[in-house]
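Everything numeric in this text was worked out from a predicted model, so none of it was measured. Reminder, nothing fancy here: chain letters follow the sequence lines and each chain counts from 1.
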Number of protein chains: 2
Amino acid sequence: MKPKKRITIYDIAEKLNITASSVSRALNNSNHVNEATKNLVLKTAAELNYKRNLLASNLRMGKTKTIGVVVPRINQNFFSNVIAGIEDATYQKGYNLIICQSNESHSKEVKCVNTLMNQHVDCIVISVSVESDDHTHLANVIEQGIQLIQFDRVAEELETLKVINDNETASMEAVVHLIQQGYKRIALLEGPQNLSIFKQRKTGYLNALKKYNIPINNELIIENAWTKELGAAATRKLLSLPQPPDAIFASTSDFSALGVLDVAHDMDIKVPSQLGILGYSNEAFTEITTPSITTIDQFSVHMGKTIANLYFEEMENKEVAVTPKVISIKPQLIIRSSTLKNK
Amino acid sequence: MKPKKRITIYDIAEKLNITASSVSRALNNSNHVNEATKNLVLKTAAELNYKRNLLASNLRMGKTKTIGVVVPRINQNFFSNVIAGIEDATYQKGYNLIICQSNESHSKEVKCVNTLMNQHVDCIVISVSVESDDHTHLANVIEQGIQLIQFDRVAEELETLKVINDNETASMEAVVHLIQQGYKRIALLEGPQNLSIFKQRKTGYLNALKKYNIPINNELIIENAWTKELGAAATRKLLSLPQPPDAIFASTSDFSALGVLDVAHDMDIKVPSQLGILGYSNEAFTEITTPSITTIDQFSVHMGKTIANLYFEEMENKEVAVTPKVISIKPQLIIRSSTLKNK
DNA sequence: TTTGAAAACGCAATCGATTGCCATGATTTA
DNA sequence: TAAATCATGGCAATCGATTGCGTTTTCAAA
């Protein structure tokens with residue numbers, strides 16, 4: 001559209017017969033302008049419907065009050081909640097959010113990060129994609145002097161601020177819960193092990209078994225079962241074993257757990273009496289299934305707020321690189337029907 | 001952090017002993033530079049890890065290749081899907097997205113819109129909040145020469161591009177489906193009538209009844225039942241009537257329908273034989289409940305893509321205001337167990 | 001060898017806002 | 001009354017990239 005001449009500080013200056021300098025000072029509430037002129041400027045600015053050109057301002061100031069967020073998928077419950085949390089906290093400070101999704105693709109992730117750097121965002125918040133093994137693009141961010149916060153899925157070797165869940169403990173507690181409910185052969189559906197979150201969840205599982213002296217059975221550990229379909233397939237495989245499991249911990253996601261439940265229904269296997277099911281993420285639907293699914297809540301909105309606050313406390317207007325720091329949020333086991341064997 | 005001197009075209013120019021003009025032209029692939037120097041510039045730019053400063057470029061060019069999106073809630077399925085669709089389509093064209101949530105508050109919506117205008121986004125895409133009755137802020141957008149696209153919840157009196165669902169037809173088809181299943185007393189849970197989408201859904205309901213000569217009974221129409229809790233409360237009220245309904249169309253959302261289902265479970269009312277339930281939106285969970293819930297799919301991701309394409313076809317680089325236009329996407333009735341009375 | 005046109009590139013202004021430095025006039029202090 | 005201090009506000013440079021216009025260089029045609 002015609003970019004219709006917008007009102008600038010020069011227009012205001014001209015109208016009041018002063019210079020743009022004074023207008024700028026007045027608008028920025030500097031104390032180097034007369035109170036009277038300040039009011040006059042504010043009044044005319046309002047009258048003319050003046051809007052500060054942030055492009056010009058940001059160029060001059062070297063900061064944009066903008067935070068870039070890169071997530072694998074915007075429309076995945078966990079991520080959209082984190083984003084909502086970030087938005088909520090940053091909005092109050094007058095910051096804007098630019099949001100990109102990597103679609104779990106490494107190359108798109110790199111492009112997103114580059115775009116955000118071009119945009120001169122003050123900080124990049126990222127949860128890396130599954131494909132990501134190479135993290136030079138993130139190292140690049142730091143090198144360019146842009147703040148970086150990683151969350152949930154993090155590149156561990158990079159020394160940055162990180163906000164994560166205590167996956168290991170949560171996972172361990174979950175498995176302990178299963179053991180205490182009397183389940184003996186507990187299977188694990190695990191996610192891509194190049195992502196630390198999935199590695200940690202596996203460690204938690206192993207630790208729980210160790211603690212209770214339960215032998216580890218590799219037959220019961222299925223790799224890469226992190227969608228509903230893969231979860232279902234894994235379940236079919238598991239249940240056809242000579243000695244099938246009596247509980248399945250879908251450590252990857254609730255979607256995977258849902259796949260498990262579907263197969264159990266199909267095969268007429270009773271949940272939780274014959275098979276216990278435990279998911280991860282506390283997706284809304286886990287409360288609604290029959291039976292409802294025991295899962296782990298990650299406090300996603302809170303996580304978003306934590307990320308934002310971390311930026312404001314540690315990074316905003318800081319001249320030096322921040323000291324790396326990891327904030328770990330302890331997830332909570334939400335016990336529902338799908339694991340209550342001895343109720 | 002220290003804004004660590006970034007490489008500019010001047011640095012490249014200096015290194016090659018040419019002027020910034022030539023560098024700029026080379027980087028923009030202008031044909032007013034020697035092929036040799038062009039290659040030289042590109043090579044050194046890569047070596048020095050040059051990144052164009054979009055702030056400066058945008059300021060000069062007067063456009064930002066950025067689209068602002070305002071939705072009531074980022075983490076609501078429908079909206080996050082629409083956003084994902086928009087992102088997908090705009091990303092390919094090198095555009096960025098700035099996303100805000102109004103939290104259903106009019107004042108925050110106004111602030112969001114103002115921020116986006118300050119940011120000089122090329123286009124604002126909005127779905128208005130429930131509270132919105134006053135639309136001067138949107139009129140303002142147009143007046144400032146910024147493109148505006150409304151979707152889903154639209155201010156009808158404003159002449160803009162609009163992408164909506166054909167709520168009326170969808171709603172009518174849904175009710176017809178109920179009638180054909182043999183339901184006689186069909187109740188309606190309606191949303192705030194200041195939003196046209198809810199008005200249209202009501203009209204669809206009324207039209208269906210009219211078509212089949214079913215008397216309209218105001219007792220069976222409950223206002224403002226658009227959350228799970230309100231849906232549950234409305235259901236309790238409806239089911240305690242002397243002549244309770246035998247079907248409930250939760251035209252506001254699937255959440256509302258879920259509330260209905262909960263109450264039915266509590267009161268030991270059989271779904272679908274004693275009570276039919278029909279929702280709206282095709283939230284993921286509707287497939288999972290017992291029984292699964294009949295609902296209406298809005299093709300949300302597709303809607304997002306449509307919005308983006310509309311921008312590129314009708315608005316990008318256009319000098320004149322676009323002629324208003326409404327694109328209506330026909331939602332689809334997804335028939336599931338909760339309404340299959342005579343199966 | 002001269003002329004002309006095209007190719008290549010430099011100069012300087014521009015997009016708006018910000019800010020250090022300086023000038024003016026007013027007010028205060030000696 | 002003179003000198004010092006302070007409050008205001010103007011001037012001009014700056015942030016990087018872009019581009020119209022003008023100048024220089026190159027090369028071919030006359």
Enquirer: Specify the separation, in whole Å, of atom OH of A:Tyr10 and atom P of D:dG9.
Expert: 18 Å

Enquirer: Can you tell me how far C1' of D:dT14 sits from CG of A:Asn58, to the nearest Å?
Expert: 15 Å

Enquirer: Could you tell me whether the side chain of B:Ser127 and the main chain of B:Phe151 form a donor-acceptor pair under 3.5 Å?
Expert: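 Judged by distance alone, yes, a pair lies under 3.5 Å.
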
Enquirer: Roughly, in whole Å, what's the span from NZ in A:Lys65 to C1' in C:dA17?
Expert: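 The answer, rounded to whole Å, is 15 Å.
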
Enquirer: B:Ile18 has an atom CD1; how far is it from atom P of D:dT25, in whole Å?
Expert: 16 Å

Enquirer: Could you walk me through whether A:Thr160 and A:Ile149 pass the side-chain contact (heavy atoms from CB on, under 4.5 Å) check?
Expert: CA-CA 6 Å; A:Thr160 67; A:Ile149 300 181; over 6 Å; no

Enquirer: Take A:Ala20 and B:Asn17, find for each the nucleotide of DNA chain C with the closest heavy atom, and name the residue whose nucleotide sits nearer the 5' end.
Expert: B:Asn17

Enquirer: Return each pair, listed once, that meets side chain to side chain donor-acceptor pair (under 3.5 Å) where at least one residue sits in residues 14-25 of chain B; pairs must be two or more places apart or across chains.
Expert: B:Ser24-B:Asn28

Enquirer: Is the base of C:dC11 touched by the side chain of B:Thr19 through a donor-acceptor pair closer than 3.5 angstrom?
Expert: no

Enquirer: Looking at C:dA17, D:dG10, D:dA17, which one has an atom nearest to any side-chain atom of A:Ser21?
Expert: D:dG10

Enquirer: Quick one: is B:Ser22 getting a side-chain N or O under 4.0 Å of the C:dA8 phosphate, OP1 or OP2?
Expert: no

Enquirer: Check the distance between D:dG16's P and A:Met117's CE and give it to me in whole angstrom.
Expert: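 Interatomic distance, CE of A:Met117 to P of D:dG16: 16 Å.
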
Enquirer: Is there a residue in residues 35-55 of chain B whose heavy atoms reach under 4.0 Å of DNA chain D, and which residues are they?
Expert: B:Tyr50, B:Arg52, B:Asn53

Enquirer: Quickly work out the B:Leu27 CG to D:dT19 C1' distance and round it to whole Å.
Expert: 15 Å

Enquirer: Name all pairs fulfilling the salt bridge (Lys or Arg N to Asp or Glu O under 4.0 Å) condition that reach into residues 71-86 of chain A, sequence neighbours left out, sorted by first residue then second.
Expert: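 Of all non-adjacent pairs touching residues 71-86 of chain A, none passes salt bridge (Lys or Arg N to Asp or Glu O under 4.0 Å).
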
Enquirer: With the criterion being N/O to N/O and under 3.5 Å, what pairs connect the protein with nucleotides 21-24 of chain C, and how long is each?
Expert:
none

Enquirer: Can you pull out every salt bridge (Lys or Arg N to Asp or Glu O under 4.0 Å) where at least one residue sits in residues 87-106 of chain A? Sequence neighbours excluded, please.
Expert: A:Glu87-B:Lys108, A:Asp88-A:Lys305, A:Glu104-A:Arg153

Enquirer: B:Ala45: which residues meet the side chain to side chain contact (heavy atoms under 4.5 Å, CB included) condition with it, sequence neighbours left out?
Expert: B:Ile12, B:Leu27, B:Tyr50

Enquirer: Ignoring the backbone of A:Val33, work out which of C:dA17, D:dG10, D:dG9 is nearest its side chain.
Expert: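 Per side-chain heavy atoms of A:Val33, the pick is D:dG9.
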
Enquirer: Please report, rounded to the nearest Å, how far the P atom of D:dA17 is from the NZ atom of B:Lys63.
Expert: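 Going from B:Lys63 (NZ) to D:dA17 (P), I get 18 Å.
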
Enquirer: Identify which nucleotide among C:dA17, D:dA17, D:dG9 has an atom closest to any side-chain atom of A:Asn34, counting heavy atoms from C-beta outward.
Expert: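 The closest nucleotide is D:dG9.
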
Enquirer: Among pairs that include at least one residue of residues 41-50 of chain A, which meet salt bridge (Lys or Arg N to Asp or Glu O under 4.0 Å), considering only residues two or more places apart or in two chains?
Expert: A:Lys43-A:Glu47

Enquirer: Would you mind listing every salt bridge (Lys or Arg N to Asp or Glu O under 4.0 Å) that reaches into residues 111-135 of chain A, with sequence neighbours excluded?
Expert: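 Passing the test, one end in residues 111-135 of chain A: A:Lys63-A:Asp122.
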
Enquirer: Please enumerate all residues that pass side chain to side chain donor-acceptor pair (under 3.5 Å) together with B:Lys38, with sequence neighbours excluded.
Expert: B:Asn29

Enquirer: For B:Ile7 and D:dG16, what is the distance between atoms CD1 and C1' respectively, to the nearest whole Å?
Expert: 13 Å

